[in-house]
Protein chains: 4
Amino acid sequence: MTKSGFAKEHLKSFIERIERLEEEKAALAADIREVYSEAKGTGFDVKIMRQVVRLRKLDTADRQEQDAILDLYLSALGMGRE
Amino acid sequence: MTKSGFAKEHLKSFIERIERLEEEKAALAADIREVYSEAKGTGFDVKIMRQVVRLRKLDTADRQEQDAILDLYLSALGMGRE
Amino acid sequence: MTKSGFAKEHLKSFIERIERLEEEKAALAADIREVYSEAKGTGFDVKIMRQVVRLRKLDTADRQEQDAILDLYLSALGMGRE
Amino acid sequence: MTKSGFAKEHLKSFIERIERLEEEKAALAADIREVYSEAKGTGFDVKIMRQVVRLRKLDTADRQEQDAILDLYLSALGMGRE
DNA sequence: CTGCCATTTTACCGGC
DNA sequence: GCCGGTAAAATGGCAG
C-alpha cells in the first residue's frame with residue numbers, strides 16, 4: 001500500500017473516532033434536555049434551573065482555582081501535596 | 001417533611017443528575033479534542049478535519065430533512081406512514 | 001466638547017444605526033410572515049413550505065461547504081486558487 | 001395547464017418571494033454585525049451595546065403598551081384620538 | 001489575544 | 001391562550 005493510502009486509512013480512523021464520540025456527546029445532550037423536560041413537568045422553571053447549574057459551575061471553577069493557588073503556595077514552601 | 005422540603009430534595013436531585021451528565025459530556029469533549037490533537041501530531045490538518053466532520057454531519061442532516069419532507073407530503077396527502 | 005462627550009455621541013450614532021437596521025429587518029420578517037399567510041390562504045400548507053425553504057437553504061449551505069473544503073485541500077497542497 | 005400545474009407555479013412563486021426576502025434579511029443581519037464590529041474597533045464593548053439595544057427595545061415596547069392603554073381609556077371615555 | 005466556531009439561550013411562530 | 005418546536009442571537013471556548 002502506498003504511503004498516502006496509509007494516510008487515508010489513518011485519517012478515516014481518526015474521523016470515525018471523532019464521529020463516534022460526537023454521537024455519544026449528542027446522546028448526553030439529549031439526556032440533559034430530557035431531565036430538564038422532566039423537571040419542567042414537575043413544575044420547576046427550566047430557565048432558573050439553568051442559571052443554578054451555571055452558577056454552581058462557576059463556583060466550582062472558583063474553588064478549583066483556589067485549590068490550585070493553595071497547591072502553588074504549598075509547593076513554594078516545599079510542602080507539595082504530591 | 002414539608003411539601004417545599006420535598007420539592008427542594010427533588011430539585012437537588014434533578015440538578016445533580018444534570019451536573020453528572022454535563023461532566024460526562026465535558027469529558028467527551030475533551031476526548032474529541034485529544035483525538036484532533038493526536039491527528040495533528042500525525043501530520044493532519046485539524047481545520048480540514050473539522051470541516052470534513054462538519055460536512056458529513058450536514059449531509060446526514062440533509063438526508064434526514066429530505067425524509068422529513070417526504071413524510072410531511074405523505075401526511076398532507078392522507079398517506080401518512082402511520 | 002470633552003473626549004467622553006465625543007464618545008457618547010459616537011456611541012449614540014452606532015446605536016441608532018443598529019436600531020434603524022433592526023427595524024428594517026423586522027419589517028422584512030413581517031413581509032415574510034405575510035407571504036406565508038397569503039400562501040396559506042391559497043391552500044398551501046405553511047409547515048411544508050417552511051420545510052421546503054429550509055431544505056433548499058441547507059442544500060445551498062452544503063454546496064458552499066463543499067467548495068470551502070475543496071479550497072482548503074488545494075491550499076493544504078500549496079495549490080491555492082489565489 | 002392542469003390545475004395542479006398551476007398550483008405548482010403558484011407555490012414556486014411564493015417560495016421565491018420568501019427566499020428573496022430572506023436574502024435581504026440576511027444582508028441586514030450582516031450589516032448589523034458589521035456596525036457592531038466597527039464599534040468594537042472604536043473601543044466600545046459589544047456585549048454592553050447589545051444590552052443597551054435590547055433595553056431600549058423593551059422600553060419602546062413598554063411605551064407602546066402604555067400608549068395602547070391610554071388609547072383604550074380615552075376610547076372608553078368617548079374621547080378617542082382619531 | 002484575536003477571531004472563529006460550537007453551544008446555549010432567547011424569541012418567535014404555528015398548532016391545539 | 002398556552003405549548004411545543006424551530007430559527008435567530010448571543011455568549012463562551014478553542015485554535016491559531
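None of the values given here were measured: they were computed from a predicted structure.
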*Figure out the CE/P separation between C:Met49 and F:dT6, and round it to whole Å.*
18 Å
*Given the rule in the salt bridge (Lys or Arg N to Asp or Glu O under 4.0 Å) test, do B:Lys57 and A:Glu22 qualify, once you have shown the distances and angles that lead to the verdict?*
CA-CA 10 Å; B:Lys57 203 187 292 178; A:Glu22 295 222 324; 3.3 Å; yes
_Nearest-Å distance for atom pair CD/P, residues C:Glu22 and E:dC12_ = 11 Å
*Atom pair distance, as rounded to whole Å: CG in A:Leu55 and P in F:dG12*: 12 Å
*When the distance from CZ of B:Arg54 to C1' of E:dC4 is rounded to whole Å, what number comes out?*
10 Å
_With a sphere of 6.0 Å drawn around CD of D:Glu16, does it hold more than 12 non-hydrogen atoms of other residues, nucleotides or ligands?_
yes
*Could you state the atom-to-atom distance from CD1 of A:Ile32 to P of E:dT9 in whole Å?*
10 Å
*What is the distance from OH of C:Tyr36 to P of E:dC13, rounded to the nearest Å?*
11 Å
*Would you say B:Glu38 has more than 12 foreign heavy atoms packed within less than 6.0 Å of its CD?*
yes
*Between atom CD1 in D:Ile18 and atom P in E:dG14, what is the gap in whole Å?*
10 Å
*When you measure from the side chain of D:Thr60 to the backbone N and O of D:Arg56, does any donor-acceptor pair fall under 3.5 Å?*
yes
*Counting any heavy atom closer than 4.0 Å, what does B:Lys57 reach on the DNA or RNA strands: base, sugar-phosphate only, or nothing?*
nothing
*With respect to the side chain of B:Val46, which nucleotide from F:dG16, E:dT7, E:dG14 is positioned closest?*
F:dG16
*For the side chain of D:Lys47, counting heavy atoms from C-beta on, which of E:dT7, E:dC13, F:dG12 is nearest?*
F:dG12
*Can you tell me how far P of F:dA10 sits from CZ of A:Arg50, to the nearest Å?*
18 Å
*Nucleotide nearest D:Lys40 when distance is taken to its side chain, options E:dT7, E:dG3, F:dT11*: E:dG3
